[in-house]
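Just follow the structure's listing: the first ligand is 1, and inside any ligand the first atom is 1.
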Amino acid sequence: MVVLNQMACFFDFVYNQLLVKSKIQDHHSLPLICSSFLPPVEPTSSLCSISLFSPGLRLWLFTTTSDDFPWACLHVTAVAMNLCEENRPPEEERRLRANDREYNEKFQYAHNRIKTSKYNVVTFLPVNLFEQFQRVANAYFLFLLILQLIPQISSLSWFTTIVPLVLVLTITAVKDASDDLFRHRSDNQVNNRQSQVLINSKVQKEKWMNVRVGDIIKMEDNQFVAADLLLLSSSEPHGLCYIETAELDGETNLKARQALPITSELGDNIGLLAQFNGDIVCEPPNNKLDRFAGSLHWNGDSLPLDNESMLLRGCILRNTDWCFGLVLFAGPDTKLMQNSGRTKFKRTSIDRLMNTLVLWIFGFLVCMGSILGLGNAVWESITGYYFQVYMPWEKSVDSAVFSGFLTFWSYIIILNTVVPISLYVSVEVIRLGHSYFINWDRKMYYAKRDTPAEARTTTLNEELGQIEYIFSDKTGTLTQNIMTFNKCSINCRIYGEVFDVNGHKIESNEKLVPVDFSTNLLADAGFLFYDYSLLEVVRRGDRSVHEFFRVLSLCHTVMIEDKAKGELQYQAQSPDEGALVTAARNFGFVFQSRTPETISVQELGETCTYRLLAILDFNNYRKRMSVIVRNAEGKLKLYCKGADSVIFERLHPCCQHMMNITGDHLSEFATEGLRTLCLATRDLDDEMVSEWLLRLRKVGMVLEGREAELAAVYNEIEQDMILLGATAIEDKLQEAVPETIAKLAMANIKLWVLTGDKQETAVNIGYSCNMLTDDMSEVFVVSGSSAQDVREELRHAKQRILGCGKGTGNGFLYTATKDLVKDPGMMTSMLGALGGGRIRDRDQWSQPGSRTGGRLGAGFSGGGMSLQGCDLLQSDAATEGPGGGAGEDLQESSDPGHRGWCKRCQHDKDIPHRCWHQRAGGYAGGAGQ
Ligand SMILES: Nc1ncnc2c1ncn2[C@@H]1O[C@H](COP(=O)(O)OP(=O)(O)OP(=O)(O)O)[C@@H](O)[C@H]1O
Ligand SMILES: [Mg+2]
């Protein structure tokens, strides 16, 4: 039975390969195709049938005859009763019940065992050979070998080919086997990890692979999460727990997750947990790490579930003594596994070149063989005939054509050495050698962390020297991701700037004396601010300043860390929010605690508790977040913070004047490379909020398209707001970033950076990290909001550059929502028209009915050197209008001191652009002048 199973495994493999090769999407159609080109088989007694259940539960039914060549008579007559997991009809929604294995078993959800290995003992040889003969070189050797086995044409002995072929196959097989052994070991190690599962009202030790969907498992601090879980309860107050998601998304800051209040009451009471029999309806398995939609039905109550209460496989539990979770997805269905596709075989450009060369040489060989074969046929028919009398043949060969045909194949064998097939082997050996040189390179050794360079794959080394583009994130990659509250604009006044006695602005530095916050016992000693006037206005009781800090202390997702006794410590998922809440704390608005229903803030010494009615969370499409709270006087308020582009268009018309001034302040902050956010508020009335909350709850239960519907509901209430001000946060560049980028530029490597920052901020960071330089006389901003506009703008820009007689740089980056990249072919040709470029889809989440549509920002230089572009998101004033007009809007609106759009150059107005050579300060005097 074991052998049959192993055979079934192999057939599964071949079946999948056929699927891949034939690009058949529908798994059901393949069996039909197989049987259509194989001769039909009568079920006679000379046939025997083997039916095999492969581990994936696919039923393979073969009928074989006892003919001499077994492969030739293997008929797939009835294949695949599509029971196999991957052939299961796609799940539309997942239903499960906690603590009810029998019920959940009905749905045949995947178990928690994972398998990343490719072979087992029986399948290794056939599968590995099948893979190896897909390589051109090996297939070529095999072809030669077969030719040499035919005595009529063989001129060399067969072992001259078989020896090198077997050698190459064996070496590769040993390497593959050892790689797979490693995968087996790691699979085993993971599958056998221990977890604590609640079975029969007892917490029992179980291996990870035995965990089932619907089980409740207990996790402890610093443990890996075994499967995708719904958090039920935890040791922390209000069902909170902290996780590190570094293995999933590379982010090392802790994230908080919170259980639903009704389940967090279960605590660690095993009796209650064992009785918990909530029904879950949720989305089917998918690879979206930041999204989850489902609902819990328990005790007649229905509650929406989202990503906030999910613990994904691969996360590590931190700062939480224990927590209980309900398994929703296990093994291959977990988001981690759904994201790890099959490793693709990557080819380098040298590989491709070699393949082309070898094909040409092979063509040349065929030509030579044909000419020689033809010559032989002619010679045979004219002259050779006479020579046959000298041959010891009983019967003369009278067909010149046949003789020519045999001669053709003989020459293919004799001249086979012209095809440099050994080149492949030599290149492999050279690569192996290179990878050792990389590992030993002392210049690539980073002593501080004892980290040498490591060539993880031996197949791509030479690509290192041929890199043309580097794609990078900004925050945390180029910058330190350490945010400091630097300046703010409240009620049309900037705070945070320091002037000397002559009234000149001075940069904040260590020599300045920071504001003394010591009277505030809860102040954070690490917070530095140099402008005394702000503290004075707070003390004076300026209402708008108070409201400004109130927003900062209420509108965020920061958590309090309880660990440090007596000391207030914040746990911020977003470092920007951490900086803002700390600033509010030092200015006397100390965020003290939060529960799912309340937020407590100590406002200038007095504790105020706000009832939290809703959090309208942030995402990078909304670019804002809000909270709706009821204050101690019973008034309902909405507090919102977000990007100026989204806040400004949602303000009440009465804020027009303040909006203009704050807009100028924001431009000023952004030209200093600071990250900006706007703050706004709105008074709400009870009736409106209760009606809105009802709708919110209804939308919360929707499984499909929930995000879009939520965004629409959020948007309804985030209108007619009153502007309070803006904040400016600094995120310094990491050490040696400008030098590194300058060196990359010297190597003609184009850098693309992705950022969600305001355009001016992005450009300034671009300058400060040497991505944009003064040599680049112009930076083009492409602001079209449809593919058509963008194409037009790019064409104009190209014409301008070529018209100036300058070379076109071809590295640029833009962001686009999905609706814009629907037509990748068009995009590619559009980018191709400019000499190269790639597309990157920034917003993972497409928004049906998106108002602004996709955004594209592209920059390229007309300078002699290569171009480095950056993602330049337009303010909405720019994106709302059609491409060209948008530029004009900005041109009119912000041009103080030539920092905004330049009118003086009289450039073609169709192309929004900025003349950086006219910038005030450090960037002036570029070559473009
Ligand atoms: N926590 C937040 N609350 C409200 N608005 C925010 C928050 N974080 C960011 N924003 C706004 O949304 C915009 C887009 O944010 P997004 O997270 O996509 O970019 P980003 O991460 O700030 O960019 P980068 O990766 O370059 O730092 C930001 O420019 C900012 O204006
Ligand atoms: Mg961000």
* If you measure from each heavy atom of R622 to ligand 1, is any distance below 4.0 Å? -> no
* Does some non-hydrogen atom of D576 fall short of 4.0 Å from ligand 1? -> no
Judging by distance only, is a nitrogen or oxygen of [X] under 3.5 angstrom from one on ligand 1?
X	result
G756	yes
R675	yes
E577	yes

Pull out every atom of ligand 1 sitting under 4.0 Å from any heavy atom of [X], numbered as shown with elements.
X	result
A643	31 (O)
T475	24 (P), 25 (O), 26 (O), 27 (O)
K641	1 (N), 3 (N), 4 (C), 5 (N)
L677	5 (N), 6 (C), 10 (N), 11 (C), 30 (C), 31 (O)
G642	4 (C), 5 (N)
M625	3 (N), 4 (C)

* To do: Could you walk me through whether R695 and E716 pass the salt bridge (Lys or Arg N to Asp or Glu O under 4.0 Å) test, one step at a time?
  => CA-CA 11 Å; R695 261 181 304 137; E716 279 170 29; 2.3 Å; yes
Backbone, side chain, both or neither: what part of [X] comes under 4.0 angstrom of ligand 1, heavy atoms only?
X	value
D473	side chain
D731	neither
H556	neither

* Which heavy atom of C492 sits nearest a heavy atom of M658, and at what distance? -> SG-CG, 3.7 Å
* **Note, D774 side chain near M776 side chain (heavy atom, < 4.5 Å)** =>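 In short, these two side chains do not touch, never coming nearer than 4.5 Å.
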* To do: Go through the steps for R650 and D720 under the test salt bridge (Lys or Arg N to Asp or Glu O under 4.0 Å), then give the verdict.
  => CA-CA 6 Å; R650 288 172 176 78; D720 292 334; over 6 Å; no
* side chain to side chain donor-acceptor pair (under 3.5 Å) evaluation trace for Y242 with E236 -> CA-CA 9 Å; Y242 300 97; E236 306 304 293; 5.7 Å; no
* Asked: Within the side chain of H556, is there an N or O that forms a donor-acceptor pair under 3.5 Å with the backbone of V581?
  ->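 Absent.
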* Of the options D576, T727, N486, T755, which is the one that meets R675 in a side chain to side chain donor-acceptor pair (under 3.5 Å)? -> D576
* For the pair Q338 and N287, evaluate side chain to side chain donor-acceptor pair (under 3.5 Å) and give the outcome as yes or no after the intermediate values. => CA-CA 5 Å; Q338 293 270 323; N287 62 0; over 6 Å; no
* Can Y610 and R550 be said to form a side chain to side chain donor-acceptor pair (under 3.5 Å), step by step? -> CA-CA 11 Å; Y610 291 83; R550 198 166 286 128; 3.2 Å; yes
